[in-house]
S.K.: 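What follows is a structure written as structure tokens; I'll ask about it next.
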Amino acid sequence: MYIPFENLPEESKIWIYQSNRKFSEEEMNEIASDLEVFIQNWSAHGTSLEASFLLKYNRFIILAVNQEVQTATGCSIDASVQMIQNLEQKFKVDLLDKMNVTFKNGEHVAHKSLLEFKKMAKDKAVTENTIVFNNLVNSIEEFNENWEVPAGESWHSRFF
């Protein structure tokens, strides 16, 4: 069951997928449509999940489930990953590679491999104050408080 993202409780579980490239507005509209259809039918053990999604910076897909109503289970999580894989194929992007770093470079959102980011840190092209996206957050509350943070305050701090 689709619920507007802002109506989900802060304890809701989230999964963040980052694209290796920026989506066009047309692609964003298609992704939103595909995700809404998916979420309307998303269930765990036959029970509809109270869920939503958020698209940010034409690059991030955030899925959320209110686990107080129904917990996402292995099969329902597998279904969401399959949906993300379908989007990867449809739009020829990489959404599942966790060995990449996305960060703000002024107003621009940049995407680099972990090795490239590490080299940029060594070369001082990025600093502890560079805003990074911490895709390891697990809830809407953590997302709101700790998703966009200075690199020095995230797991990226080990590079400085």
Side-chain angles (χ1 to χ4, degrees), residues 1-104 109-115 117 131-151 153-159:
M1 171 181 9
Y2 176 81
I3 303 292
F5 192 87
E6 60 274 7
N7 293 351
L8 288 172
E10 286 200 323
E11 302 78 33
S12 297
K13 170 81 176 133
I14 66 166
W15 296 268
I16 300 174
Y17 302 95
Q18 66 184 5
S19 174
N20 61 324
R21 69 165 175 83
K22 187 175 181 179
F23 291 113
S24 69
E25 287 304 317
E26 182 180 304
E27 289 173 322
M28 292 292 285
N29 291 334
E30 277 188 66
I31 291 167
S33 178
D34 290 352
L35 287 172
E36 197 160 331
V37 168
F38 169 74
I39 287 173
Q40 288 292 0
N41 300 298
W42 198 13
S43 64
H45 299 297
T47 302
S48 183
L49 292 172
E50 192 172 283
S52 194
F53 68 92
L54 186 64
L55 303 176
K56 295 283 283 185
Y57 298 112
N58 290 55
R59 192 177 281 271
F60 296 93
I61 298 171
I62 300 103
L63 296 180
V65 172
N66 180 355
Q67 299 216 110
E68 292 175 2
V69 173
Q70 174 64 42
T71 303
T73 60
C75 291
S76 60
I77 294 169
D78 288 349
S80 69
V81 172
Q82 180 64 53
M83 174 62 190
I84 295 298
Q85 289 172 328
N86 292 344
L87 292 174
E88 282 185 317
Q89 292 172 358
K90 183 176 183 178
F91 297 103
K92 300 188 178 9
V93 295
D94 184 355
L95 294 165
L96 293 168
D97 189 348
K98 303 292 185 196
M99 296 306 290
N100 294 313
V101 177
T102 306
F103 58 96
K104 286 186 174 178
V109 174
H111 180 86
K112 300 289 183 191
S113 72
L114 197 56
L115 289 174
F117 185 82
I131 299 299
V132 295
F133 296 92
N134 178 9
N135 297 324
L136 300 177
V137 296
N138 289 304
S139 68
I140 290 176
E141 180 179 29
E142 288 179 15
F143 174 77
N144 290 336
E145 295 174 4
N146 296 311
W147 182 52
E148 294 184 45
V149 294
E153 296 175 22
S154 76
W155 66 267
H156 305 85
S157 64
R158 65 181 180 220
F159 301 129

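Note that these values count all heavy atoms, side chains included, but never hydrogens, waters or copies made by symmetry. Positions are given from 1, in the same order as the sequence printed here.
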S.K.: Which atom names give the shortest non-hydrogen contact between Pro9 and Ile140, and what distance separates them?
M.R.: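 That closest heavy-atom pairing would be O-CD1, 3.7 Å.
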S.K.: Can you measure from CD1 (Ile39) to CZ (Phe53) and round to the nearest 0.5 angstrom?
M.R.: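 Separation between the atoms: 6.0 Å.
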S.K.: Tell me, do Ile16 and Phe133 make a side-chain contact under 4.5 Å, heavy atoms counted?
M.R.: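 Result no, sub-4.5 Å side-chain heavy-atom pair not found.
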S.K.: Work out which heavy atom in Lys112 is nearest to a heavy atom in Phe117; give both atom names and the distance.
M.R.: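 Smallest heavy-atom distance, with atoms named: CB-N, 4.2 Å.
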S.K.: Is it true that a side-chain atom of Gln67 and a backbone atom of Ala72 form a donor plus acceptor pair closer than 3.5 Å?
M.R.: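 Here the side-chain-to-backbone pair exists.
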S.K.: Tyr2 vs Leu35, test: side-chain contact (heavy atoms from CB on, under 4.5 Å). Steps then yes/no.
M.R.: CA-CA 10 Å; Tyr2 176 81; Leu35 287 172; over 6 Å; no
S.K.: Checking the side chain of Glu153 only, and the main-chain atoms of Val149 only, is there a donor and an acceptor separated by less than 3.5 Å?
M.R.: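 A pair under 3.5 Å: no.
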S.K.: Report yes if the side chains of Val81 and Tyr17 come closer than 4.5 Å at any heavy-atom pair, otherwise no.
M.R.: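 Contact flag for Val81/Tyr17 side chains = yes.
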S.K.: Thr102 versus Val109: any side-chain heavy-atom pair under 4.5 Å?
M.R.: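 Yes - at least one pair of side-chain heavy atoms lies under 4.5 Å apart.
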S.K.: Test of understanding: with salt bridge (Lys or Arg N to Asp or Glu O under 4.0 Å), list the residues that count as partners of Glu148, not counting sequence neighbours.
M.R.: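 Glu148: salt bridge (Lys or Arg N to Asp or Glu O under 4.0 Å) contacts with Lys104.
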S.K.: Please collect all ring-ring contact (aromatic ring centres under 6.0 Å, His included) contacts where either partner lies in residues 61-90, sequence neighbours excluded, each pair once.
M.R.: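 Residue pairs passing ring-ring contact (aromatic ring centres under 6.0 Å, His included), neighbours aside: none found.
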S.K.: Can you name the residues that form a salt bridge (Lys or Arg N to Asp or Glu O under 4.0 Å) with Asp34, not counting sequence neighbours?
M.R.: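 If we apply the salt bridge (Lys or Arg N to Asp or Glu O under 4.0 Å) test to Asp34, skipping adjacent residues, the hits are Lys90.
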S.K.: Got a second to check how far Leu8's CG is from Ser139's OG, nearest 0.5 Å?
M.R.: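 Answer rounded to 0.5 Å: 11.5 Å.
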S.K.: For Phe143, what residues pass the ring pair (Phe, Tyr, Trp, His ring centres under 6.0 Å) criterion, not counting sequence neighbours?
M.R.: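 Residues passing ring pair (Phe, Tyr, Trp, His ring centres under 6.0 Å) with Phe143: Trp147.
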S.K.: Between the main-chain N or O of Met1 and the side-chain N or O of Ser48, is there a donor-acceptor pair closer than 3.5 Å?
M.R.: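 It does hold such a pair.
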S.K.: Would Trp155 and Val132 count as a side-chain contact (heavy atoms from CB on, under 4.5 Å) here? Give the steps.
M.R.: CA-CA 10 Å; Trp155 66 267; Val132 295; over 6 Å; no
S.K.: Quick one: ring pair (Phe, Tyr, Trp, His ring centres under 6.0 Å) partners of Trp42, sequence neighbours excluded?
M.R.: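 For Trp42, the residues satisfying ring pair (Phe, Tyr, Trp, His ring centres under 6.0 Å) (neighbours in sequence not counted) are Phe38.
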S.K.: Has Ser52 got a side-chain atom pairing as donor or acceptor with Ala64's backbone, closer than 3.5 angstrom?
M.R.: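 It does not hold such a pair.
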S.K.: What's the shortest heavy-atom distance between Ser76 and Leu49, and which atoms?
M.R.: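 So the minimum-distance heavy-atom pair works out to CB-CD1, 4.0 Å.
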S.K.: Hey, does Ile61 have a side-chain heavy atom less than 4.5 Å from the side chain of Leu55?
M.R.: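 Touching, per the 4.5 Å side-chain cut-off.
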S.K.: With rounding to the nearest 0.5 Å, note down the distance linking CD1 in Ile62 to CH2 in Trp15.
M.R.: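 Between atom CD1 of Ile62 and atom CH2 of Trp15 there are 13.0 Å.
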S.K.: Please report the interatomic distance CD(Glu88) to CG(Leu96), rounded to the nearest 0.5 Å.
M.R.: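 One gets 4.0 Å once the value is rounded to the nearest 0.5 Å.
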S.K.: Kindly state each residue pair satisfying salt bridge (charged side-chain N to carboxylate O under 4.0 Å, His left out) with at least one member in residues 17-27, sequence neighbours excluded.
M.R.: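 Every salt bridge (charged side-chain N to carboxylate O under 4.0 Å, His left out) pair that includes a residue of residues 17-27, provided the two are not neighbours, is Arg21-Glu27.
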S.K.: With rounding to the nearest 0.5 Å, note down the distance linking CD in Gln70 to NE2 in His45.
M.R.: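 Taking CD in Gln70 and NE2 in His45, the distance rounds to 7.0 Å.
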S.K.: Once rounded to the nearest 0.5 Å, what's the spacing between atom NZ of Lys13 and atom CD1 of Ile77?
M.R.: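 CD1 of Ile77 is found 7.5 Å from NZ of Lys13.
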S.K.: Is the count of non-hydrogen atoms from other residues, nucleotides or ligands lying under 6.0 Å from Lys98 atom NZ greater than 12?
M.R.: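 Enclosed: over 12 neighbouring heavy atoms sit under 6.0 Å from NZ of Lys98.
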S.K.: Is the side chain of Asp94 donor-acceptor paired with the backbone N or O of Asn20 at a distance under 3.5 Å, no angle test?
M.R.: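 No, Asp94 side chain to Asn20 backbone: no donor-acceptor pair under 3.5 Å.
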S.K.: Tell me whether Asn58 contacts the main-chain N or O of Phe23 through its side chain, where contact means a donor paired with an acceptor under 3.5 Å.
M.R.: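 Side chain of Asn58 to backbone of Phe23, a donor-acceptor pair under 3.5 Å: yes, one is there.
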S.K.: With no hydrogens and no angle check, just 3.5 Å: does a side-chain donor-acceptor pair link Asn135 and Gln18?
M.R.: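 Yes, Gln18 and Asn135 have a side-chain donor paired with an acceptor closer than 3.5 Å.
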S.K.: Does the pair Gln82 and Asp78 meet the rule for a side chain to side chain donor-acceptor pair (under 3.5 Å), with working shown?
M.R.: CA-CA 6 Å; Gln82 180 64 53; Asp78 288 349; over 6 Å; no
